[in-house]
Amino acid sequence: MPELPEVETVRRGLQPAMEGSRIVKAEARRKDLRFPFQKDFIARLEGQTVTGLGRRAKYLMADLTSGDVLLMHLGMSGSFRVHKEEGDATQGQFHHPRSEDRAHDHVVFHMSSGAAVVFNDPRRFGYMKIIARNALEDEPLLKGLGPEPLGNEFDAAMLARACHNKKTSLKAALLDQRVVAGLGNIYVCEALFRAHLSPRRLAATLATGKAEPTNHSTHLVDAIHSVLNQAIKAGGSSISDHRLTNGDLGYFQHSFQVYDREGEPCRTRGCGGTVKRFTQNGRSTFWCPKCQK
DNA sequence: CCGCGGGCCTGAGAGC
DNA sequence: TGCTCTCAGGCCCGCG
């Protein structure tokens with residue numbers, strides 16, 4: 001589910017509840033999410049203060065005073081809510097507005113701020129892992145990640161270099177977290193539409209034979225920047241699971257130009273085409289064949 | 001090494 | 001109403 005804008009929205013929502021606060025009590029209500037929890041998962045969290053909450057690609061990273069980092073991934077259906085703790089945090093009581101949500105509340109952090117931070121994930125493709133900060137660069141989950149799409153290193157020349165030897169489609173290349181880290185199916189479709197580039201185009205056509213960027217690469221980087229920035233401003237896209245940490249909906253789904261719009265008219269002025277859908281690498285691609293070349 | 005397809009899970013929605 | 005089938009925002013793994 002969550003791509004970079006949704007994860008960034010969650011990060012900003014969790015920050016006031018977690019940053020500068022101590023984890024008074026932590027609960028893992030089952031033995032695993034996507035992977036089993038580490039044996040010492042709870043022990044390495046309780047008593048620690050969260051000194052900072054960051055994001056890398058689609059990972060949330062909480063820095064702890066112990067020198068550990070808590071790595072969190074939302075998978076397809078993971079979400080966080082912040083609830084107000086009722087009474088003593090060590091009692092593990094908090095007000096929960098909708099009881100049906102509770103079935104998949106798998107992890108709870110009771111914070112000294114008075115907040116209960118609850119991780120819910122029906123499909124359990126999400127996971128949490130604690131890593132020593134000085135071992136971060138060796139962490140397999142993070143090792144192959146490409147640049148942040150909103151960071152300084154990501155530009156037309158860099159994207160062209162990453163793509164010029166690729167033997168695959170532009171769509172698949174942008175979904176490859178080694179090329180650029182944080183895009184997913186929605187924002188790849190939307191960025192390609194905004195750049196007027198076909199998802200079927202070969203990734204290598206972003207570069208000349210000498211791996212110099214073409215105009216396509218420049219337009220695509222601009223489109224990625226603008227679609228991500230707009231989506232973050234809108235609180236992400238709420239299709240089914242994604243919510244702000246206070247339970248509100250994101251609203252970028254109302255700005256989709258192609259994603260989930262199969263059969264509907266293309267929104268490019270004067271195009272008159274129809275949004276089409278087909279499957280690429282096992283995922284749905286939405287696009288307008290008339291204005292994406 | 002690279003690219004692709006399968007699999008991991010649950011739930012929503014369509015069609016019968 | 002209820003069953004079956006398809007599909008879903010991600011990513012690891014094994015295969016060729």
Side-chain angles (χ1 to χ4, degrees), chain A residues 1-11 29-36 55-60 71-80 98 100-106 119-129 139-146 149 162-192 199-200 202-204 224 227-228 231-232 234-244 249-263 277-286:
Chain A
M1 121 187 172
E3 306 180 30
L4 187 151
E6 289 74 39
V7 178
E8 179 60 22
T9 298
V10 169
R11 189 189 72 81
R29 297 183 172 174
R30 44 178 302 132
K31 64 175 185 350
D32 60 1
L33 291 172
R34 178 166 181 164
F35 313 118
R55 180 190 57 73
R56 169 75 172 109
K58 300 173 194 172
Y59 291 92
L60 291 168
L71 204 61
M72 298 173 278
H73 197 289
L74 305 181
M76 285 283 262
S77 59
S79 64
F80 276 98
R98 287 212 313 273
E100 67 269 20
D101 283 347
R102 290 191 141 169
H104 301 292
D105 285 351
H106 302 311
F119 179 70
N120 180 287
D121 186 5
R123 294 179 72 180
R124 302 200 304 277
F125 288 170
Y127 46 91
M128 297 191 187
K129 184 176 180 185
E139 171 52 42
L141 292 167
L142 304 174
K143 210 155 193 180
L145 291 177
C163 287
H164 92 286
N165 268 335
K166 288 239 164 237
K167 303 256 178 295
T168 191
S169 67
L170 197 41
K171 166 85 187 299
L174 294 178
L175 278 179
D176 185 342
Q177 303 296 297
R178 295 169 299 184
V179 172
V180 55
L183 301 178
N185 207 29
I186 292 177
Y187 297 103
V188 168
C189 290
E190 293 295 319
L192 288 172
R200 298 192 206 262
L202 287 180
I224 289 168
V227 77
L228 292 181
I232 290 169
S237 303
S238 289
I239 293 178
S240 60
D241 299 283
H242 172 67
R243 294 284 190 285
L244 310 197
L249 295 168
Y251 55 89
F252 193 73
Q253 65 278 13
H254 303 304
S255 300
F256 289 171
Q257 302 296 299
V258 286
Y259 186 83
D260 206 21
R261 293 194 64 243
E262 182 183 17
R277 176 178 112 139
F278 69 107
T279 300
Q280 263 179 314
N281 303 89
R283 324 273 317 260
S284 282
T285 296
F286 298 89

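Within every chain, numbering begins at 1; the chains are lettered A, B, ... in the order of the sequence lines, protein sequences first and strands thereafter.
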Looking at His106(A) versus Phe119(A), is the centre-to-centre ring distance below 6.0 Å? no
Locate the shortest heavy-atom distance separating Leu192(A) from Lys171(A); write the atom from each residue and the value. CD1-CA, 4.1 Å
If we ignore hydrogens and angles and just use 3.5 Å, is the side chain of Arg55(A) paired with the main-chain N or O of Ala57(A) as donor and acceptor? yes
Go through the steps for Phe256(A) and Cys189(A) under the test side chain to side chain contact (heavy atoms under 4.5 Å, CB included), then give the verdict. CA-CA 9 Å; Phe256(A) 289 171; Cys189(A) 290; over 6 Å; no
Please confirm whether the shortest side-chain N or O distance from Lys58(A) to OP1 or OP2 of dG9(C) is below 4.0 Å. no
Take atom C1' in dC11(C) and the same atom in dA12(B), then report the distance between them in whole Å. 23 Å
If only side-chain N and O atoms of Ser77(A) are considered, is one of them under 4.0 Å from the OP1 or OP2 phosphate oxygen of dG9(C)? no
Looking at dC11(C), dC9(B), dG11(B), which one has an atom nearest to any side-chain atom of Phe125(A)? dC9(B)
Could you check how far CZ of Phe35(A) sits from P of dC13(C), rounded to whole Å? 7 Å
Given DNA chain C, 5'-ward residue of the pair Tyr127(A) and Arg277(A), judged by closest heavy atom: Arg277(A)
Could you check whether Ser237(A) gets within reach of a base, just the sugar-phosphate, or nothing at all, counting any heavy atom under 4.0 Å? base
Round to the nearest Å and state the distance from Glu3(A) atom CD to dC11(C) atom C1'. 13 Å
Send over the distance from Leu74(A) CG to dC8(B) C1', rounded to a whole Å. 17 Å
So, under a plain 3.5 Å distance rule, would you say the side chain of Arg124(A) forms a donor-acceptor pair with the base of dC9(B)? no
How close or far is atom C1' of dC11(C) from atom CE of Met76(A), stated in whole angstroms? 10 Å
I'd like the P distance from dG5(B) over to dC7(C), given in whole Å. 15 Å
Would one find a side-chain N or O of Tyr259(A) under 4.0 angstrom from OP1 or OP2 of dG9(C)? yes
What's the spacing between Ser240(A) OG and Met76(A) CE if we round to 0.5 Å? 9.0 Å
Nearest to the side chain of Asn281(A) - dC4(B), dG9(C), dC9(B)? dC4(B)
Distance test, side-chain N/O of Arg34(A) to OP1/OP2 of dC13(C), below 4.0 Å: no
Please classify the nucleic acid contact of Gly282(A) as base, sugar-phosphate, or nothing, using heavy-atom distances under 4.0 Å. nothing
Please give the nucleotide sitting opposite dG9(C) as a Watson-Crick or G-U wobble pair, both distances under 3.5 Å, or none. none
Quick one: is dG9(C) close enough that its OP1 or OP2 comes under 4.0 Å of any side-chain N or O from Arg283(A)? yes
Using a heavy-atom cut-off of 4.0 Å across all strands, would you classify Leu141(A) as base, sugar-phosphate, or nothing? sugar-phosphate
If only side-chain N and O atoms of His104(A) are considered, is one of them under 4.0 Å from the OP1 or OP2 phosphate oxygen of dC9(B)? no
For the residue pair His73(A) and Tyr59(A), categorise the inter-ring angle as parallel (less than 30°), tilted (30 to 60°) or perpendicular (more than 60°). perpendicular
The Watson-Crick or G-U wobble partner of dT4(C), with both key distances under 3.5 Å, is dA14(B)
Is a donor-acceptor contact shorter than 3.5 angstrom present between the side chain of Ser240(A) and the base of dG11(B)? no
In this structure, how many angstroms lie between the P atom of dC11(C) and the CZ atom of Arg178(A), rounded? 12 Å
How long is the line joining CD of Gln253(A) and C1' of dA8(C), in whole Å? 15 Å
Whole angstrom is fine here: how far is it from CG in Asp32(A) over to P in dC9(B)? 8 Å
Just by distance, no angles: are the side chains of Arg277(A) and Ser284(A) close enough, under 3.5 Å, to form a donor-acceptor pair? yes
To the nearest angstrom, the CD1-P distance between Ile239(A) and dG13(B) comes to 13 Å
Output yes when at least one side-chain N/O atom of Thr168(A) is less than 4.0 Å from OP1 or OP2 of dC4(B), else no. yes
